[in-house]
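We're numbering straight along the sequence, starting at 1. We count ligands from 1, going down the list as the structure has it; atoms in each ligand are counted the same way.
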Amino acid sequence: MGVGVLGVGHYVPSKIVTNLDLEKVVDTSDEWIRTRTGIEERRIADDMDTSDMAYHASLSALEDAGVRPEELDLILVATVTPDTAFPSVSCMLQEKLGAVKAAAMDVSAACAGFMYGMITAKQFIETGSYKHILVVGAEKLSKITDWEDRNTCVLFGDGAGAAVMGEVSENKGILSFELGSNGSGGKHLYLKDDGFLAMNGREVFKFAVRQMPESSLNVLEKAGLQKEDVDFLVPHQANIRIMEAAMEKLGISEERMAKVIQKYGNNSSASIPMALSESVKDGKIRDNDVIVLVGFGAGLTWGAVALRWGR
Ligand code: UT7
């Protein structure tokens, strides 16, 4: 048997903040944000918290998978913006969903969190311990964003993406993975004592431009595949220039890469599942496609997965 994705879903709050809106708040311009990052607008969850967005994305993923909340064995929520330090978002989600037999825990690996969640889920399913696992990436980054800091406030947005994982047929599902960390780079992206995010953009950029292609190529090699075998790439949506660098190194054309950064900005752990879910729903990912998911983030952390889509 294989271990793969049975269904996907995502949720974004309705409030849109455009680059023009931000021009009124900090010394920036639509032109700078578009050309340096690829972002045009982002969603902001005023009256919702991370667990609420996780709930809506999860309902959609469960419906897509044809799995009932009571059938879930485990809930993993990747987030760096939990509603509160404890209880975990995954426990809040367990209650909201009525997932009566599910264990629940949060995963803290920043923008690579969803990859860490997927690979953790894979182990439980492979050993036969669990059958259905809900993996969610959900973030309310607006609450740790300093809206007076132009270096960071133009980059982030709120949202959630989810996948139900379980057994799929032998030749489908996850083919290979890579997870990694380098704590010495923690100083480049962290939460300050005042509760706001701080980032050395240039350092993170350099790391990401190297790591995304490297990890993607590593998982292809582990799966016995070539770059030419990749049908679709789902990269973390941090900066269009980082995404394009990965695209070029893999020799992938723009139509074969998930791109939602212009609408949503960087949603940390939610970016990859949101981009995956939208791509599936838009018909860009089809049965039997080889796809690569790849992310990097604070920690530093990174993760990549090669999988053959379908059940
Ligand atoms: O999810 C994972 C975490 N995050 C990332 O992956 C982000 C990785 N880094 C990046 O995407 C880019 O480094 C940024 C988008 C954050 C910055 O782009 P950059 O091309 O690396 O710009 P920079 O930091 O080198 O700054 C260039 C100039 C500076 O002005 P001076 O010093 O050259 O006069 C900045 O002060 O742009 C200025 N600048 C801005 N100008 C207008 C920085 N932010 C803004 C802004 N509007 N919002």
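Residues L276 and W309 are in side-chain contact: their nearest non-hydrogen atoms beyond the backbone lie under 4.5 Å apart. Side-chain contact check for S90 versus D106: some heavy-atom pair is nearer than 4.5 Å. Side-chain atoms of K143 and T50, non-hydrogen and from C-beta on, do get closer than 4.5 Å to each other. Residues D49 and K140 meet the side-chain proximity criterion, which asks for heavy atoms closer than 4.5 Å.
For ligand 1, the atoms lying closer than 4.0 Å to a non-hydrogen atom of F296 are 2 (C), 6 (O). Atoms of ligand 1 found under 4.0 Å from any heavy atom of L189 (numbered from 1 in listed order, with element): 3 (C). Residue contact check: T37 has heavy atoms under 4.0 Å from atoms 15 (C) of ligand 1. Close approach of ligand 1 to N151 (heavy-atom distance below 4.0 Å) involves ligand atoms 43 (C), 44 (N). Remark: ligand 1 atoms within the under-4.0 Å shell around heavy atoms of V154 are 48 (N). Close approach of ligand 1 to H236 is summarised as follows: ligand atoms under 4.0 Å from at least one heavy atom of the residue are 1 (O), 2 (C). Atoms of ligand 1 lying under 4.0 Å from any heavy atom of C111, numbered from 1 in the order shown and given with element: 1 (O), 2 (C). Close contacts between ligand 1 and R202 involve ligand atoms 13 (O), 21 (O), 23 (P), 24 (O), 25 (O), 26 (O) [criterion: under 4.0 Å to a heavy atom].
Judged purely by distance below 3.5 Å, without hydrogens or angles, the side chains of S253 and E255 pair a donor atom with an acceptor atom. Checked by atom type, the side-chain pair E139/T79 shows a donor-acceptor distance below 3.5 Å.
The shortest contact between atom 11 (O) of ligand 1 and any protein heavy atom is with N239 ND2, 2.7 Å. Protein heavy atom at the shortest distance from atom 4 (N) of ligand 1 is M199 SD, 3.3 Å. With respect to atom 9 (N) of ligand 1, the closest heavy atom belonging to the protein is G201 O, 3.0 Å. Scanning the protein heavy atoms around atom 39 (N) of ligand 1, the nearest turns out to be W32 CZ2, 3.4 Å. For atom 18 (O) of ligand 1, the nearest protein heavy atom (residue, atom name, distance) is R241 NH2, 3.4 Å. Ranking the protein heavy atoms by distance from atom 36 (O) of ligand 1 puts R150 NH2, 3.0 Å first. Nearest protein heavy-atom contact of atom 5 (C) of ligand 1 is V204 CG1, 3.7 Å. Nearest protein heavy-atom contact of atom 1 (O) of ligand 1 is N266 ND2, 2.7 Å.
Annotation: the span from W302 atom CH2 to R210 atom CZ amounts to 7.5 Å, rounded to 0.5 Å. Atom CD1 of I240 is separated from atom CE of M257 by 4.5 Å, given to the nearest 0.5 angstrom.
Distance alone, capped at 3.5 Å, places no donor-acceptor pair between the R43 side chain and the Y11 backbone. Listed for the D194 side chain is a donor-acceptor partner under 3.5 Å among the backbone atoms of F196.
In this structure, atom 44 (N) of ligand 1 is in close contact with the protein, since a protein heavy atom lies within 4.0 Å of it. The protein does not reach atom 34 (O) of ligand 1 closely, with no heavy atom under 4.0 angstrom from it. The presence of a protein heavy atom under 4.0 Å from atom 13 (O) of ligand 1 is confirmed.
Considering backbone and side-chain N/O of T28, one or more are found under 3.5 Å from N/O of ligand 1.
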Item to check | Audit row: N218, S215, side-chain hydrogen bond (donor to acceptor under 3.5 Å, both in side chains) steps and yes/no | outcome: CA-CA 5 Å; N218 286 347; S215 294; 5.2 Å; no
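If you chain together hydrophobic residues whose side chains sit under 4.5 Å apart, I125 and V168 never meet in one group.
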